[in-house]
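Heads up: the structure comes next, in structure tokens.
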Amino acid sequence: MRHQWEEPERARLQLSLLRWFRTHRRDLPWRASRDPYRIWIAEIMLQQTRIAAVLPYYDRFLRNFPTLRALARARQEKVLRLWSGLGYYTRARNLHRAAKEIVCNHGGKFPHRLRDALALPGIGRYTAAAVLSIAYRLPLAALDGNVARVLARLGAIRGDLRVPRRWQRLAGGAEHLLARQAPGDWNQALMELGETICTPQNPRCKDCPVSRFCLARARRLTREIPAARRKRAAVNVRIACAILADPRGRTILVREPGAHDSVLFSRLWQFPAVEVRREPLTELGNHLRKLWGFGSPPARLEALPTLRHPVTFHKATLLPFMARVAKLPHLAGTRILALNQILELPVSSATRKIAAVAVSGSA
DNA sequence: AAGACGGGGTC
DNA sequence: GACCCAGTCTT
């Protein structure tokens, strides 16, 4: 990749892609301004997450926290609630912490220096480069999954792009190729190309503005590049959970995840749950007895439809059980609220799914 | 260098 | 159902 495009070839490639971007640039909410705060929020939400998934969250988040200072002032519970369903909840926790640090150490303004940005929690090389190049026009190349794929094809780089050695090489190529007169546009152009044209499968080379520079295309390697990521073997888990309903239609949520289900419930509010080894009903009953302490948990648990919830390599089968109880216990680390109002607490998608079957099951 | 961390679009 | 995404952090 290094020195692959010497002048004037490099300048031609840059102009071709930048011209294409000016006409194909989509109107996305975070492109409406160059406010570093708004760009930062977008970049964090977009980590490992598609644009379509982010869209409904982005505007709502900015309405609730219009400024960096507003975010820094907020309660973490509210930040997580607005992140609820988006996944990778550490991002929200880090975002909140970083906002506080920026208020304390940088006067409430997103830092201009690369090393200051990198020192913030949740901001790595990619995000720092993206925010600083777009908001402040700093000449930093943003290397993400899309850009890596585009560069690998342009330079006919084979093998797993994620191995550090190869990623470093791609980063070098990205720096070399960076259009320094318009780094923000350049980075976004590369990402946009990767997402809409230079896609993982069936790239639309016919529509590609830089196909004539592409070594993979010349060598008919677009299908081989990039190499597939190696995948981890799936692990099956069964989780039994209890939806308890009192006469007023309220239920109880807990925030004491067992070690096994942290990935499912992400240390957010959840229904009382236990990983099933043998017999769901018995084991869930035991779990509830422990939760209740010396009181008496519900006697009859009614099975609701089973749910599948795959997350990463975990293939979870959720076994929801519903029980009517006369009175819910008031315990530390628990919350009692109406079943149809659990979205007022930060919960994972698994908890949302369970609540949905419970609502339809109890109707 | 490898693993953990969510969720859903897309083919 | 598999693949993979506008990655970062920990071990």
Side-chain angles (χ1 to χ4, degrees), chain A residues 26 28-31 39-58 80 83-95 97-98 117-131 133-134 140-150 160-168 170-171 174 184 186-196 198-204 223 226-235 257 259-268 270 308-316 346-353:
Chain A
R26 287 170 297 176
L28 298 170
W30 44 89
R31 286 180 176 164
I39 294 165
W40 173 40
I41 301 299
E43 292 301 340
I44 299 295
M45 286 189 172
L46 287 164
Q47 287 172 2
Q48 297 290 286
T49 310
R50 312 251 175 189
I51 288 175
V54 167
L55 250 17
Y57 286 83
Y58 183 75
L80 284 170
W83 209 272
S84 181
L86 197 51
Y88 283 144
Y89 298 94
T90 300
R91 294 184 296 177
R93 298 183 177 106
N94 282 338
L95 188 63
R97 279 203 293 142
L118 287 174
L120 295 166
I123 298 189
R125 180 68 216 202
Y126 163 77
T127 304
V131 175
S133 68
I134 296 169
L140 298 166
L143 181 63
D144 69 351
N146 275 324
V147 176
R149 181 175 60 256
V150 171
D160 185 349
L161 304 184
R162 303 271 166 181
V163 305
R165 186 100 181 76
R166 196 127 39 214
W167 196 263
Q168 280 311 308
L170 289 164
W186 174 255
N187 284 331
Q188 294 183 82
L190 231 27
M191 293 190 268
E192 191 108 336
L193 184 73
E195 201 199 318
T196 61
C198 196
T199 48
Q201 299 101 21
N202 309 320
R204 299 161 48 202
R223 286 181 72 87
R229 269 207 270 188
R230 49 184 193 68
K231 50 179 181 278
R232 201 187 190 303
V235 174
H260 58 278
D261 54 10
S262 68
V263 72
L264 276 182
F265 302 118
S266 311
R267 293 147 56 207
L268 303 173
Q270 61 172 90
R308 298 286 295 168
H309 187 73
V311 346
T312 63
F313 60 89
H314 302 98
K315 307 293 178 209
V347 297
S348 72
S349 285
T351 299
R352 291 185 183 203
K353 284 187 185 178

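It should be emphasised that the depicted structure is a prediction, and the values quoted were computed from it without experimental measurement. Chain letters run A, B, ... following the sequence lines, proteins first, then strands; residues in each count from 1.
Put simply, the side chain of V147(A) does not reach to within 4.5 Å of the side chain of Y126(A), judged on heavy atoms. Between L143(A) and W167(A) there is a side-chain heavy-atom pair separated by less than 4.5 Å. Under the 4.5 Å side-chain criterion, counting only non-hydrogen atoms from C-beta, V311(A) is in contact with L264(A). Counting only heavy atoms from C-beta outward, the side chains of W83(A) and R91(A) approach each other to under 4.5 Å. In this structure, R149(A) and P200(A) have side chains that are in contact, with non-hydrogen atoms separated by less than 4.5 Å.
Summary of the strand contacts: G87(A) and V163(A) both lie near DNA chain B, and taking for each the nucleotide with the nearest heavy atom, the more 5' one is attributed to V163(A).
Taking a heavy-atom distance under 4.0 Å as the criterion, the stretch of DNA chain B touched by chain A extends 5' to 3' from dA1(B) to dC11(B).
Separating the C1' atom of dG8(B) from that of dC9(C) is a span of 23 Å, rounded to the nearest Å. Taking the P atoms as reference points, dA4(B) lies 23 Å from dA6(C), given to the whole Å. dG9(B) and dT8(C): their P atoms are spaced 23 Å apart (whole Å).
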**Complete:** Each nucleotide of nucleotides 3-8 of chain C classed B (base within 4.0 Å of a protein heavy atom), S (only sugar-phosphate) or -, in 5' to 3' order, makes SBBBBS
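With hydrogens and angles ignored, the 3.5 Å screen pairs no side-chain donor or acceptor of T351(A) with any backbone N or O of S349(A). A side-chain donor-acceptor contact under 3.5 Å links R166(A) to the backbone of D160(A).
Residue contacts for Y57(A): at a heavy-atom cut-off of 4.0 Å it reaches no nucleic acid atom on any strand shown. Backbone-only contact: N202(A) has heavy atoms under 4.0 Å from sugar-phosphate atoms and none from a base. Within the nucleic acid shown, S349(A) comes within 4.0 Å of sugar-phosphate atoms alone, with no base atom in reach, counting heavy atoms only.
Taken from CD1 in I134(A) to CD in Q188(A), the straight-line distance is 4.0 Å, to the nearest 0.5 Å.
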